[in-house]
Amino acid sequence: MQNKLVLYNSLSKQKELFKALHPPMAGMYVCGPTVYSDAHLGHARPAITFDLLCRYLTHLGYKVRYVRNITDVGHLENDADEGEDKIAKKARLEDLEPMEVVQKYMNTFHRNMDQLNTLKPSIEPRATGHIIEQQEFIKEILKNGYAYEVNGSVYFDVVKYSKSYQYGKLSGRVLDELQTSTRSLEGQDEKRSPYDFALWKKASPGHLMKWPSPWSTGFPGWHLECSTMSTKYLGEEFDIHGGGMDLLFPHHECEIAQSAAAMGKESVKYWIHNNMITINGQKMARSLGNFITLDQLFSGDHPMLDQPYSPMTIRFFILQAHYRSSMDFSNDALKASEKGLQKLMNAITLTDKLKASPESTIDVNSLRGKCYDAMNDDLNTPGLLSCLFEGVRYINSVNDGTETVSAEGLEILKSIFRTFVYDILGLKDETETKEDDGLKEKLMKIIIGLRQEARDNKDFKTSDKIRDELKKAGITLKDRKDGVDWEIE
RNA sequence: GGUCGGUUUGCCGAGCGGUUAGGCACUGGUCUGCAAAACCAGGUACAGCGGUUCGAAUCCGCUACCGACCUCCA
């Protein structure tokens, strides 16, 4: 399969032409959330970034298997592989079963993802559903000699691994340097090296989520689930692994090590990482407590928010920056996105009303080419939007009569917007209603007719009253040379 | 302290060796009874200092500031 899609691979630290291992199939694994509290703005970034990638690959003709996990066990409060499980802690605080916590926040996450118009993953595996597979994975690593058991817990032997493989190749870390920057070693007595990480942890008495295993009644380490589940659903080698940049080390580095230790080869061909969303210049994170949840953004219910922002405004905001750039939250930026999105959507609505001419004064084919060029260049959505706004100007100019477009050109123009805005960027018109537009059209025609009569009679008091009252009702009139357009907010 | 990345016009944000990015805001104009929308025009920015080059926001060096990772984090 031929394509010109170039993606930045975190592993090689350069842009590479995307070549699927088994075209037309494309396999993509993305690290999903740990479901112990509401999803925030930061979670929207990878969700939208990899939704975009999935949509674009699909558009290019790939049959994409998109796997995104739900972490529902094994994620400890503070690593060093000590501390309380995040979900168990929440369960204790809210007096719920751990699985109730998981269900509650998973439901919210799914609802938010639907609101953001992200496509559902092909498979959404959960760590607790793959305890057996994780144990089998550990057995392989043990068999190959890259792990050891101590007191019922199993740890990955980073030092031994690094003799045969390069631990740190993804994150650019060197083991020697890691060792000189040693932190507190408290509670790490069981590990041979502080860089070893848990594959299986023996549960302490009273621990809520635990399963029997050959080593102890316990639970799997966090890094293990992704290696296990990606292998199970995408195979020992697959195309793309995505996630936030903050997961690059240690999480993804450990995944590479686990897979290599178990299977003798690296699993992932392209590592893709999205950058962070900051707030007041600092990363938005649950652990920092500086987050705004998606529900708060949608409702405006947060001290830092001037107003509510719709899901599509959030989506547009995120797409206006390149996925590898960090972006800072601000009301001004969000408001600008809201306006820009509206301008884009208004133009798309207009395309249905445009009249074709014998000749085109605009070059729609060139525009389409530029749209593809932008997407092929490592998903350059700001560049794509820039092209689309050029198209917006075309549409408005044709509507104003200062440019013309042929029937064929008009069809191409419509298809460009349908393809790139709806199918690939995943934006949708939020003003769209399922009501019968026919009735609304008829009513509006009558009202506009009455206003026109008043205007013809120079009765501007009446005509303005009609316009103002409509405005109050959320309907904006736009007088044109050749008639009146209207728009519902 | 180590590793990596960033600093672009009022704001957001592309570009990464030579050509108008784009959006928002602002100013002027066209249109309009007025308004809104739309269109046209306007601002010539790239942290600082050096260097390479015919030519640098774009490459190299230094300095300053900011951030991410090195604990869990999307």
Side-chain angles (χ1 to χ4, degrees), chain A residues 10 13 30-34 36 39-50 75-83 85-86 168 171-174 176-178 180-184 195 222 242-251 253 273-278 281-288 291 316-317 320-322 324-341 343-344 346-347 350 370 374 377 380-390 392-393 395-397 399-403 455 458 460 463-464 467-468 471 476-481 485 487:
Chain A
S10 303
K13 294 177 179 53
V30 177
C31 288
T34 303
Y36 69 99
H40 61 71
L41 180 58
H43 292 101
R45 191 101 193 253
I48 289 168
T49 298
F50 295 105
H75 214 157
L76 303 181
E77 273 279 290
N78 47 45
D79 207 72
D81 292 316
E82 293 296 326
D85 185 285
K86 286 182 180 238
S171 58
R173 263 158 246 268
V174 180
D176 291 345
E177 288 172 2
L178 277 171
T180 57
S181 65
T182 286
R183 288 167 171 259
S184 159
Y195 311 102
W222 172 42
M245 270 183 190
D246 52 348
L247 297 180
L248 208 137
F249 188 88
H251 186 55
E253 197 69 65
H273 289 95
N274 63 275
N275 213 319
M276 302 291 105
I277 292 178
T278 60
Q282 197 179 33
K283 185 175 85 163
M284 185 180 288
R286 288 195 282 221
S287 53
L288 295 170
F291 59 91
F316 186 85
F317 169 68
Q320 260 188 316
H322 187 258
R324 282 192 293 112
S325 298
S326 64
M327 61 191 313
D328 198 54
F329 161 86
S330 77
N331 279 286
D332 285 347
L334 248 17
K335 283 177 199 166
S337 292
E338 188 175 52
K339 288 275 185 64
L341 174 65
K343 182 172 179 172
L344 180 66
N346 285 348
L350 250 188
K370 283 195 280 186
D377 183 15
N380 190 341
T381 51
L384 170 60
L385 284 167
S386 167
C387 296
L388 289 171
F389 275 106
E390 195 178 325
V392 166
R393 206 178 69 243
I395 290 166
N396 287 323
S397 296
N399 190 47
D400 281 358
T402 54
E403 302 275 6
R455 294 173 78 197
K458 305 280 182 197
F460 297 123
S463 67
D464 286 355
R467 185 178 63 197
D468 295 344
K471 180 74 185 170
T476 308
L477 294 183
K478 299 177 192 175
D479 288 336
R480 307 183 48 78
K481 276 183 198 170
D485 282 346
E487 171 186 310

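All chains are named by letter (A, B, ...) in the order of the sequence lines, taking the proteins before the strands, and each is independently numbered beginning at 1.
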Checklist entry - Base, sugar-phosphate, or nothing for A/D485, non-hydrogen atoms under 4.0 angstrom? => result nothing

Could I get a table of every N or O pair under 3.5 Å where one atom is in the protein and the other is in nucleotides 31-33 of chain B?
| unit_1 | atom_1 | unit_2 | atom_2 | d |
| --- | --- | --- | --- | --- |
| B/rG33 | O6 | A/R455 | NE | 3.4 |
| B/rG33 | N1 | A/D464 | OD1 | 3.1 |
| B/rG33 | N2 | A/D464 | OD2 | 3.0 |

Checklist outcome for this item: Between CD1 of A/I395 and P of B/rG22 the distance, given in whole Å, is 17 Å

Item to check | Touch class at under 4.0 angstrom, heavy-atom based, for A/L388 against every strand present | outcome: nothing

Item to check | Selected nucleotide, minimal atom distance to A/P382 side chain, candidates B/rC70, B/rG22, B/rA21 | outcome: B/rA21

Checklist outcome for this item: Taken to the nearest whole Å, CZ/A/F389 to C1'/B/rG13 is 12 Å

Checklist outcome for this item: Of B/rG23, B/rA74, B/rG13, the nucleotide closest to the side chain of A/A336 is B/rG23

Next on the checklist: At 4.0 Å (heavy atoms only), tell me whether A/S397 reaches a base, stays on the sugar-phosphate, or touches nothing.
Outcome noted: sugar-phosphate

Checklist outcome for this item: note: A/H43, atom NE2; B/rA74, atom C1'; distance rounded to Å ~ 5 Å

Checklist entry - Atom CG of A/D246 to atom C1' of B/rU3: distance rounded to whole Å? => result 16 Å

Enumerate the protein-to-nucleotides 42-47 of chain B contacts in which both atoms are nitrogen or oxygen and the separation is below 3.5 Å.
none

Next on the checklist: Rounded to whole Å, how long is the line connecting atom CG of A/L384 with atom P of B/rG13?
Outcome noted: 18 Å

Checklist entry - Reckon A/K13 touches a base, only the sugar-phosphate, or nothing at all at heavy-atom distances under 4.0 Å? => result nothing

Checklist entry - When you measure from the side chain of A/N274, which nucleotide among B/rA36, B/rA14, B/rA74 comes out closest? => result B/rA74

Next on the checklist: Output the rounded distance in Å from CG (A/L477) to P (B/rA35).
Outcome noted: 16 Å

Checklist entry - Reckon A/K339 touches a base, only the sugar-phosphate, or nothing at all at heavy-atom distances under 4.0 Å? => result sugar-phosphate

Next on the checklist: Measuring from atom NZ of A/K370 to atom CG of A/L384, what distance do you get when rounded to the nearest 0.5 angstrom?
Outcome noted: 12.0 Å

Checklist outcome for this item: The reported gap from CG in A/D479 to CZ in A/R467 (rounded to nearest 0.5 angstrom) is 7.0 Å

Next on the checklist: Testing the basics here: between A/K471 and A/T476, what is the closest heavy-atom pair and its distance to 0.1 Å?
Outcome noted: NZ-OG1, 3.2 Å

Checklist entry - When we call it a touch if two heavy atoms are under 4.0 Å apart, what does A/M276 touch: a base, just sugar-phosphate, or nothing? => result base

Next on the checklist: So, OP1 or OP2 of B/rC40: does either fall under 4.0 Å of a side-chain N or O from A/R393?
Outcome noted: yes

Next on the checklist: Once you apply a heavy-atom cut-off of 4.0 Å, does A/Q282 come out as touching a base, just sugar-phosphate, or nothing?
Outcome noted: sugar-phosphate

Next on the checklist: Taking any heavy-atom pair under 4.0 Å as a contact, classify A/G281: base, sugar-phosphate, or nothing.
Outcome noted: sugar-phosphate

Checklist entry - Taking the side chain of A/T34 as heavy atoms from C-beta outward, which of B/rC24, B/rA74, B/rG13 is closest to it? => result B/rA74

Tabulate protein N/O versus nucleotide N/O from nucleotides 15-18 of chain B, keeping only pairs under 3.5 Å, one per line.
| unit_1 | atom_1 | unit_2 | atom_2 | d |
| --- | --- | --- | --- | --- |
| B/rG15 | OP1 | A/N380 | ND2 | 3.4 |

Next on the checklist: In whole Å, I'd like the distance from the NE2 atom of A/H273 to the P atom of B/rC69.
Outcome noted: 13 Å

Checklist entry - When all nucleic acid strands are considered with a 4.0 Å heavy-atom cut-off, which category describes A/A285: base, sugar-phosphate, or nothing? => result base

Checklist entry - Contact class for A/L248 (heavy atom, under 4.0 Å): base, sugar-phosphate, or nothing? => result nothing

Checklist entry - Does A/K283 place a side-chain N or O at less than 4.0 Å from the phosphate oxygens OP1/OP2 of B/rC69? => result yes

Item to check | Distance, rounded to the nearest Å, where A/N346 contributes CG and B/rG23 contributes P | outcome: 14 Å

Checklist entry - Counting any heavy atom closer than 4.0 Å, what does A/R45 reach on the DNA or RNA strands: base, sugar-phosphate only, or nothing? => result base

Item to check | Touch class at under 4.0 angstrom, heavy-atom based, for A/M284 against every strand present | outcome: base

